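Before any comments, here is the structure.
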Amino acid sequence: MANVIVIGAQWGDEGKGKITDLLSRSADVVVRYQGGVNAGHTIVVKGQTFKLHLIPSGILYSDTECIIGSGTVIDPKVLIAELDQLEELGISTENLYISETAHVTMPYHRLIDLASEERRGNHKIGTTGRGIGPTYADKSERTGIRILDLMDAEGLREQLEWTINYKNVILEKLYNLPPLNVQEVIEEYLGYAERLRRYVVDASLKIYDAIQRRRNILFEGAQGTLLDLDHGTYPFVTSSNPVAGGACVGTGLGPTAIDRAIGVAKAYTTRVGEGPFPTELDGEMGELLCAKGAEFGTTTGRKRRCGWFDAVIGRYAVRINGLDCLAITKLDVLDELDEIKVCVAYEINGERCEHFPTSSRRFQQCHPIYKTLPGWKVPTTNCRSWEELPKQAQDYLKYLAELMAVPIAIVSLGASRDQTIILEDPIHGPKRALLHADGTPASLLSA
């Protein structure tokens with residue numbers, strides 16, 4: 001039995017959806033622990049593409065239970081659309097469960113999100129406009145609507161009559177927007193409640209019961225480490241905690257129940273939205289990575305900014321999350337390159353910096369220090385074992401593992417499930433030491 005957290009080790013969009021889907025075949029339960037519809041996981045199975053925003057990737061396995069934890073914020077309209085899509089494709093949602101204490105994204109959250117971002121002008125933070133930040137803000141202000149509130153028609157009416165009238169003042173007076181119709185919103189959300197009622201449970205209790213029965217549990221988050229509210233590139237971050245610690249808070253589970261944390265990182269780096277990005281490539285190389293990697297956001301369709309692999313933020317992700325192995329995705333995107341650069345440290349005002357700076361202003365001043373490695377110039381998409389990879393690709397992966405001092409367990413070479421090399425199953429495989437006896441980094445690359 002193993003309880004494993006899958007973490008984005010960069011700025012999100014690392015390919016967590018595929019890795020979670022891949023690991024779900026060994027899991028009995030898959031739990032989503034934070035974020036909202038600002039997340040998007042794209043999974044390709046037998047040529048068919050699934051885009052999920054709220055429902056855990058494990059839903060594609062008929063015998064896997066999927067739980068949306070209390071740390072998520074749920075837009076019922078989007079969730080129901082996902083349910084309809086899956087059911088139309090013949091995929092059962094009988095094993096889906098929703099935490100009764102998860103907070104609900106309301107229409108005023110979306111309106112305020114868009115209006116406030118527009119009001120920021122040149123100080124935009126790159127929000128998706130899906131209402132996530134305002135939903136979490138109401139949660140912190142203790143004025144939020146929870147899933148269990150939707151299930152109580154009389155209580156919901158009473159709560160929303162006050163809340164919507166209050167939000168209408170903000171919409172009208174601050175943003176010059178038309179007010180919401182209180183009764184229309186109430187009736188709309190009561191309708192959503194009836195559709196979702198059968199999925200609602202005490203998620204913390206259900207997860208605890210699964211642990212007691214020694215079932216394999218996979219925890220998936222949204223976004224990535226560098227978008228964490230507390231530990232990311234603030235203020236250009238999301239409104240929750242994608243890091244490993246967020247899995248415990250977002251599910252009602254104690255930390256002693258977690259066995260492993262696997263970090264997912266692209267073989268290069270991408271970022272969506274605003275904020276500093278030291279290894280960002282402007283011009284032809286950045287465009288090549290974007291085109292070859294199909295770097296457009298699942299949720300917004302926004303073009304992702306592309307750059308070389310940044311081992312400084314990689315080491316930071318290892319430290320913050322307690323990662324003990326990595327999944328490297330999109331290695332195939334680098335197949336055509338003559339040479340590949342890796343950022344090994346930063347230069348700030350003439351000084352070498354090995355660690356991620358917590359100050360966004362200081363981070364903005366970072367210039368990458370690169371190590372250049374030779375490319376392999378042959379396709380890797382059909383490789384299915386370590387031995388089939390070109391030597392230069394093997395050397396590149398070994399170098400990444402050494403820089404971050406954690407072993408690589410999985411290498412992804414395309415969007416499909418079968419385009420993967422598994423060096424160790426993070427759920428059933430042995431948890432190996434991170435360092436050899438002489439203090440050098442361990443590696444699964446020779447497995």
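Just so you know, these numbers come straight off a predicted model, no measurement behind them. Below, each value reflects all heavy atoms present in this structure, side chains not excepted, and no hydrogens, waters or symmetry copies.
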Worksheet item: Run the side-chain contact (heavy atoms from CB on, under 4.5 Å) check on I258 and C248 step by step: do they pass?
Response: CA-CA 9 Å; I258 302 300; C248 295; 4.1 Å; yes

- Under the side-chain contact (heavy atoms from CB on, under 4.5 Å) criterion, do L79 and R195 qualify, and how do the steps go? CA-CA 10 Å; L79 178 55; R195 174 67 190 281; over 6 Å; no

Quick one: do D13 and R304 satisfy salt bridge (charged side-chain N to carboxylate O under 4.0 Å, His left out)? Show the steps, please. CA-CA 9 Å; D13 306 306; R304 295 174 186 142; 3.4 Å; yes

Does the pair V272 and W11 meet the rule for a side-chain contact (heavy atoms from CB on, under 4.5 Å), with working shown?
CA-CA 8 Å; V272 172; W11 275 287; over 6 Å; no

Requested in this report: Test side-chain contact (heavy atoms from CB on, under 4.5 Å) on L23 and I410 and set out the steps.
Outcome: CA-CA 10 Å; L23 297 179; I410 297 172; 4.0 Å; yes

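Without hydrogens or angle criteria, N216 side chain to S26 main chain gives a donor-acceptor distance under 3.5 Å. At least one donor-acceptor pair closer than 3.5 Å links the side chain of N3 to the backbone N or O of A257. Formation of a donor-acceptor pair under 3.5 Å by the E347 side chain with backbone atoms of N349 is found in this model. In this structure, the side chain of K16 engages the main chain of Q223 through a donor-acceptor pair within 3.5 Å. The closest donor-acceptor contact from the side chain of N95 to the backbone of C66 lies at 3.5 Å or more, if one exists at all. Panel note: side chain Q10, backbone G314; no donor-acceptor pair is recorded below 3.5 Å.
Contact of the R213 side chain with the D28 side chain is not registered, since no non-hydrogen atoms from C-beta on lie closer than 4.5 Å. With contacts defined as side-chain heavy-atom distances shorter than 4.5 Å, the pair L83/I55 qualifies. When side chains are defined from C-beta on, V312 counts as touching C343, because their heavy atoms get closer than 4.5 Å. Side-chain contact between L148 and T101 is present, with heavy atoms from C-beta onward closer than 4.5 Å. Side-chain contact between D209 and L205 is absent, with no heavy atoms from C-beta onward closer than 4.5 Å. For the pair L196/I80, a side-chain contact is recorded, criterion being any heavy-atom separation below 4.5 Å from C-beta on. Annotation: side chain of R130 is not in contact with side chain of T105 (no heavy-atom distance under 4.5 Å). Contact check for T269 versus F277: side-chain heavy atoms found under the 4.5 Å cut-off.
For E161, the CD atom is densely surrounded, since the number of other residues' heavy atoms within 6.0 Å is greater than 12.
The line from CG of D75 to OG1 of T135 is 8.0 Å long, rounded to the nearest 0.5 Å. Annotation: the span from L54 atom CG to I59 atom CD1 amounts to 12.0 Å, rounded to 0.5 Å. Distance check, rounded to the nearest 0.5 Å: CD of Q159 to CD1 of I164 gives 10.0 Å. For the atom pair CG (L323) and CD1 (I5), the distance works out to 9.5 Å, reported to the nearest 0.5 Å. Expressed to the nearest 0.5 Å, how far CG of L22 lies from CD of Q419 amounts to 12.0 Å. In this structure, S99 OG and R146 CZ are separated by 8.5 Å, a value rounded to the nearest 0.5 Å.
Across all their heavy atoms, P276 and Q364 have their closest contact at CB-OE1, 3.6 Å. The minimum heavy-atom distance linking K139 with G71 is given by the pair NZ-CA, 4.2 Å. Scanning both residues, L86 and L60, for their nearest heavy atoms gives CD2-CD2, 4.4 Å. Annotation for D113 and G131: closest pair OD2-N, 2.8 Å, computed over non-hydrogen atoms. Taking each heavy atom of P368 and Y346 in turn, the nearest pair found is CA-CD2, 4.3 Å. Annotation for L289 and C306: closest pair CB-CB, 4.0 Å, computed over non-hydrogen atoms.
Aromatic ring centres of F356 and F363: separated by under 6.0 Å.
Side-chain atoms of T380 and D335 include a donor-acceptor pair closer than 3.5 Å. If you check the side chains of T238 and Y136, you find no donor sitting under 3.5 Å from an acceptor. Between the side chains of H109 and D138, at least one donor-acceptor pair of N or O atoms lies under 3.5 Å. For the 3.5 Å distance criterion, the side chains of K18 and T329 fail to qualify, holding no donor opposite an acceptor. Between the side chains of S92 and S62, no donor-acceptor pair of N or O atoms lies under 3.5 Å.
The pair R157-E154 does not count as a salt bridge, with every side-chain nitrogen at least 4.0 angstrom from each carboxylate oxygen. Salt bridge R315/E354: present, at least one basic N to carboxylate O contact under 4.0 Å. Ion pair E274/R120 not flagged as a salt bridge, since none of the NZ, NE, NH1 or NH2 atoms sits closer than 4.0 Å to an Asp/Glu carboxylate oxygen.
Taking the six-membered ring where tryptophan is involved, the planes of Y192 and Y189 are perpendicular, since the angle between them exceeds 60° and thus also 30°.
When each of D152, I147, I145 is tested with D149 by the rule side-chain contact (heavy atoms from CB on, under 4.5 Å), just one qualifies, namely I145.
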